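Accompanying notes for the structure given below.
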Amino acid sequence: DSHKHKDKYKDKEHKHKDHKKDKEREKSKYSNRYDVTVIHAYGRHIGADSSSSDLFGDMVQITNALVLALCTAVLVACVGMLVYILPSLCFFIPFRWEEERYTDGVKWKFLEHKGPVFAPPYEPLPSNVKFYYDGKYMKLSPGAEEVATFFAKMLDHEYTTKDVFRKNFFKDWRKEMTSEEKSKLTDLNKCDFSEMSEYFKAQSEARKAMTKEEKLKIKMENERILQEYGFCVMDNHKERIANFRIEPPGLFRGRGDHPKMGMLKRRIRPEDIIINCSKDSKHPKPPPGTKWKEVRHDNKVTWLVSWTENIQGSIKYIMLNPSSRIKGEKDWQKYEMARRLKKCVDRIRAQYREDWKSKEMRIRQRAVALYFIDKLALRAGNEKEEGETADTVGCCSLRVEHLTLHQEMDGQEYVVEFDFLGKDSIRYYNKVPVEKRVFKNLQLFMEDKEPEDDLFDRLNTSILNKHLQELMDGLTAKVFRTYNASITLQQQLNELTTSEDNVPAKILSYNRANRAVAILCNHQRAPPKTFEKSMQNLQTKIDAKKEQLADAKRELKSAKADAKVRRDEKSKKAVESKKKAVQRIEEQLMKLEVQATDREENKQIALGTSKLNYLDPRISVAWCKKLGVPIEKIYNKTQREKFAWAIDMAEKDYEF
DNA sequence: TCCAATACTTAGGACTACAGCA
DNA sequence: TGCTGTAGTCCTAAGTATTGGA
């Protein structure tokens, strides 16, 4: 098995002629045999028993049994035999690794890393870049100047014109000023940052215009930092760290109408940092002359570094990359949980439908909310502190004002019109015909309430999740999103694809299936700024290709006529080559048209989020294997790394 | 039971390198 | 070879869920 992997990785290396970086990464991964073999080990097991709900547990038992049996056999057999069996014993080493499935929330036994990379220190502006107040030049103190540059860098953004942004910024900026500056600078509108802004624009231009050598030098330096700080050792695995760079200071820009937009996000110093690593590891050193806030050894959490951010007072963490064992296993468990829901979802649906009739209001509310979460893939909707964040809601926190009930609409009965801002202030707008009973319940919930009152006043996420926990062990509201997303992908793929299609058509179908999920989960994006233009360009290309095809057909026709008269080998060959040309152009045209359709349909829909977080990757892997689509067409390199476990374990007959 | 703290997943947008084209 | 559009990557905000203590 290990050899098979070796070959696979070698192949990859040949294909990726590019960049030392990639090769280095592959190599470092490969040099650690456990990274490769362990993933394979659980892959094998899944294949053997995919129906088991507690695979890790089973694996441990089976492995234990196997090892025990082997040991007994070895004892009974003569000593000479031992040497003979030894290689096969080695085969179990990776399994034994997996045996270390920790209990009681223990996440690791050994953790060593180099700590975070801090943001580069502030570089004062050159003296010719000036700041003006009320038309007069004014030299700022370094502290005030730094914060001023944050604002100057954002000048082109619309939000620097917003009142809230300006007010928050000015308030925090003043805190960084000397008392003299504070007394002079009293009106943001009189501040002129334009020279600073120009300076930064010029810098970014200069960066773009750098020579190849200069760019390479920067790249090399980044690579060096990555090699030094970008990896850690967790239980004998060398693992990639996700965000080993500390967030640089700047102005906070929340999403949507955020009351804290424009506030100063302060610089993080070593004194703010908590390091988490194992006692027996080489502890990371703070920069010379500084100290960490704390070094702790908590192996019940997965983070390596944490600090408290000053805007919301929340904790930020440095954690491992999605390709790591600890994240991969969790991801796998997430999909296994969703598959368990698949087995009992009918029962749960019957239950909540029954609950629509309950005598108790709280149960009716719970049942209707769950229906929305299931049918519409809404998020749970935790309570939020008012005034601290943008006003967004999920299912449990819906307010009366977010729904409009229509007895009849567009020829359909009992239509509920949803209109609210969800996570990241993305608008959810949907008109949904519901069952009469749900409709009547909603009327009841909305009776005698103000628009700003909670729709489900007897419900919150913790009540809902407690109930779900009783219906199925480990079930929470978000599992429904995962389940419905994955099952939709599987159904859509079955419906849309046929083995007769060519690869581009299959990929179009895959994207359509992916799109169905993205629509269900309301994953939107702002249309790319260049969308219209690029669409036009594509259309021009299509038109040109059509003309080219017409020409080629004409040429074919005349070649055929020519061949009919001449009846020699040469003209026959000419016909053949013209035929091929027509075929080739037809294929090219079709490819372009597919591309256009795909792009148009994708204008406002983001596929990435569902692909990365909601779709069981084994469905996609199996689909690729079954239909002969190379996995590289569906997953890019990073995605393949994240889903290595799935690529390894799913066969073509995998079913979610 | 409630609330705050904590840990972890999910999310869209900005930036950038590079593929593909003329 | 130079240009441009976009895929891939980075960044960090904003959710969900659990826990532990009052």
Side-chain angles (χ1 to χ4, degrees), chain A residues 18-19 21 105 107 153-154 156-157 204 207-208 212 215 218-219 222 242-248 250 252-256 258 260-261 265 274 276 298 300-303 306 308-309 311-322 326-327 330-331 334 373 379-385 388-390 392-397 421-426 460-466 468-469 474-479 481-482 485 518 521-526 528-531 533-538 541 544 595 599 602 604-614 635-639:
Chain A
D18 53 319
H19 314 325
K21 192 168 86 182
K107 303 285 167 52
K153 281 178 187 168
M154 298 173 127
D156 283 346
H157 280 107
S204 118
R207 223 174 302 128
K208 271 184 218 155
K212 260 191 188 153
K215 281 186 183 169
I218 294 173
K219 214 172 164 183
N222 280 335
N243 54 328
F244 57 90
R245 286 173 201 274
I246 298 275
E247 297 170 18
F252 175 79
R253 175 65 181 112
R255 316 252 163 91
H258 203 293
K260 298 194 172 183
M261 65 168 90
K265 210 173 93 165
I274 301 174
N276 194 32
D298 183 356
K300 297 198 173 166
V301 296
T302 65
W303 54 268
S306 78
T308 303
E309 151 270 356
I311 304 286
Q312 322 270 3
S314 63
I315 308 170
K316 299 249 178 168
Y317 303 94
I318 291 183
M319 290 185 189
L320 296 192
N321 195 60
I326 209 156
K327 295 286 182 190
K330 201 80 189 292
D331 210 33
K334 175 180 77 185
I373 284 170
R379 294 187 186 83
N382 283 321
E383 291 107 300
K384 301 171 69 180
E385 225 174 312
E388 293 292 300
T389 58
T392 62
V393 296
C395 185
C396 294
S397 50
L421 297 182
K423 182 176 179 180
D424 293 321
S425 293
I426 297 291
N460 61 37
T461 52
S462 110
I463 295 171
L464 179 65
N465 281 337
K466 240 170 236 156
L468 292 176
Q469 195 63 240
L475 185 63
T476 63
K478 85 186 188 87
V479 179
R481 246 166 106 82
T482 313
C521 294
N522 199 40
H523 291 141
Q524 298 189 31
R525 62 165 186 176
K529 286 180 192 103
T530 51
F531 186 83
K533 200 178 145 206
S534 77
M535 222 45 213
Q536 257 172 19
N537 288 351
L538 195 56
K541 265 192 213 168
Q595 208 184 340
R599 202 182 291 175
N602 242 8
Q604 299 199 67
I605 297 162
L607 299 186
T609 307
S610 49
K611 206 181 203 179
L612 237 45
N613 301 301
Y614 288 103
Y635 291 139
N636 66 33
K637 188 162 154 286
T638 318
Q639 292 164 339

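Per chain, numbering begins at 1; letters A, B, ... match sequence-line order. Since the structure is predicted, the reported quantities are computational estimates derived from the model, not experimental observations.
In this model, the phosphate group of C:dC11 is not approached by any side-chain N or O of A:Asn243 to a distance below 4.0 Å at OP1 or OP2. Distances shorter than 4.0 Å separate none of the side-chain N or O atoms of A:Tyr614 from OP1 or OP2 on B:dT9. Neither OP1 nor OP2 of B:dA7 sits under 4.0 Å from any side-chain N or O of A:Lys300. For A:Lys265, a side-chain nitrogen or oxygen approaches OP1 or OP2 of C:dA13 to under 4.0 Å.
Residues passing the side chain to side chain contact (heavy atoms under 4.5 Å, CB included) test with A:Asn522 are A:Ile426, A:Tyr428, A:Gln524, sequence neighbours excluded. Residues forming a salt bridge (Lys or Arg N to Asp or Glu O under 4.0 Å) with A:Lys334 (at least two apart in sequence, or on another chain): A:Asp331. For A:Gln469, the side chain to side chain contact (heavy atoms under 4.5 Å, CB included) partners are A:Asp473, not counting sequence neighbours. The side chain to side chain contact (heavy atoms under 4.5 Å, CB included) test applied to A:Arg379 returns A:Lys423, A:Arg481, not counting sequence neighbours. By the salt bridge (Lys or Arg N to Asp or Glu O under 4.0 Å) test, A:Arg253 pairs with no residue at all, sequence neighbours left out.
Residue A:Arg525 contributes atom CZ, which lies 16 Å from atom P of B:dA11 at whole-angstrom precision. Separating the CD1 atom of A:Ile463 from the C1' atom of B:dC3 is a distance of 14 Å, rounded to the nearest angstrom. A:Lys208 has its NZ atom 11 Å from the P atom of B:dA17, to the nearest Å. Across the protein-nucleic acid pair, A:Met319 atom CE and B:dT10 atom P stand 13 Å apart, rounded to whole Å. The distance between atom CD1 of A:Ile605 and atom P of B:dA11, rounded to the nearest whole Å, is 15 Å. Distance NZ (A:Lys611) to P (B:dG12): 15 Å, rounded to an integer number of Å. Atom CD1 in A:Ile315 sits about 15 Å away from atom P in C:dA13, given to the nearest Å. Distance, A:Leu607 CG to B:dT10 C1': 16 Å, rounded to whole Å.
Nearest-nucleotide assignment on DNA chain B puts the 5′-proximal partner with A:Ser314, out of A:Ser314 and A:His157. With DNA chain B read from its 5' end, the first of the two nearest nucleotides for A:Ala526 and A:Lys107 is the one closest to A:Lys107.
Among the heavy atoms of the strands lying under 4.0 Å from A:Ile426 are primed sugar atoms or P, OP1, OP2 only; no base atom is included. Within 4.0 Å (heavy atoms only), A:Lys330 reaches sugar-phosphate atoms of the nucleic acid but no base atom. As judged by a 4.0 angstrom heavy-atom cut-off over every strand, A:Lys260 is placed among residues making no nucleic acid contact. Residue-level contact check: A:Pro322 touches neither bases nor backbone, having no heavy atom under 4.0 Å from any strand. A:Glu309 comes within contact range of no nucleotide atom at all, as no heavy-atom separation falls under 4.0 Å. If you check every strand for non-hydrogen atoms under 4.0 Å, A:Lys466 touches nothing. Using a 4.0 Å heavy-atom criterion, one finds that A:Thr302 contacts the sugar-phosphate atoms exclusively.
Of all nucleotides listed (B:dC8, B:dC18, B:dA11), B:dC8 comes nearest to the side chain of A:Tyr317. Set against C:dA13, B:dA7, B:dG12, the side chain of A:Thr609 has B:dG12 as its closest nucleotide. Of the candidate nucleotides B:dC8, C:dT9, B:dT16, B:dC8 has the atom lying nearest to any side-chain atom of A:Trp303.
The backbone N or O of A:Tyr317 sits less than 3.5 Å from a side-chain atom of A:Asn243, completing a donor-acceptor pair. A donor-acceptor pair is defined here as one N or O able to donate and one able to accept, closer than 3.5 Å; no such pair exists between the side chain of A:Asn460 and the backbone of A:Asn382. The closest donor-acceptor contact from the side chain of A:Arg525 to the backbone of A:Asn602 lies under 3.5 Å.
Using a 30° and 60° split on the angle between ring planes, A:His258 and A:Phe252 fall in the perpendicular class, above 60°.
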I need a per-nucleotide contact map over nucleotides 14-21 of chain C, read 5' to 3'. Cutoff is protein heavy atoms under 4.0 Å; write B for the base, S for backbone only, - otherwise.
BSBBS---

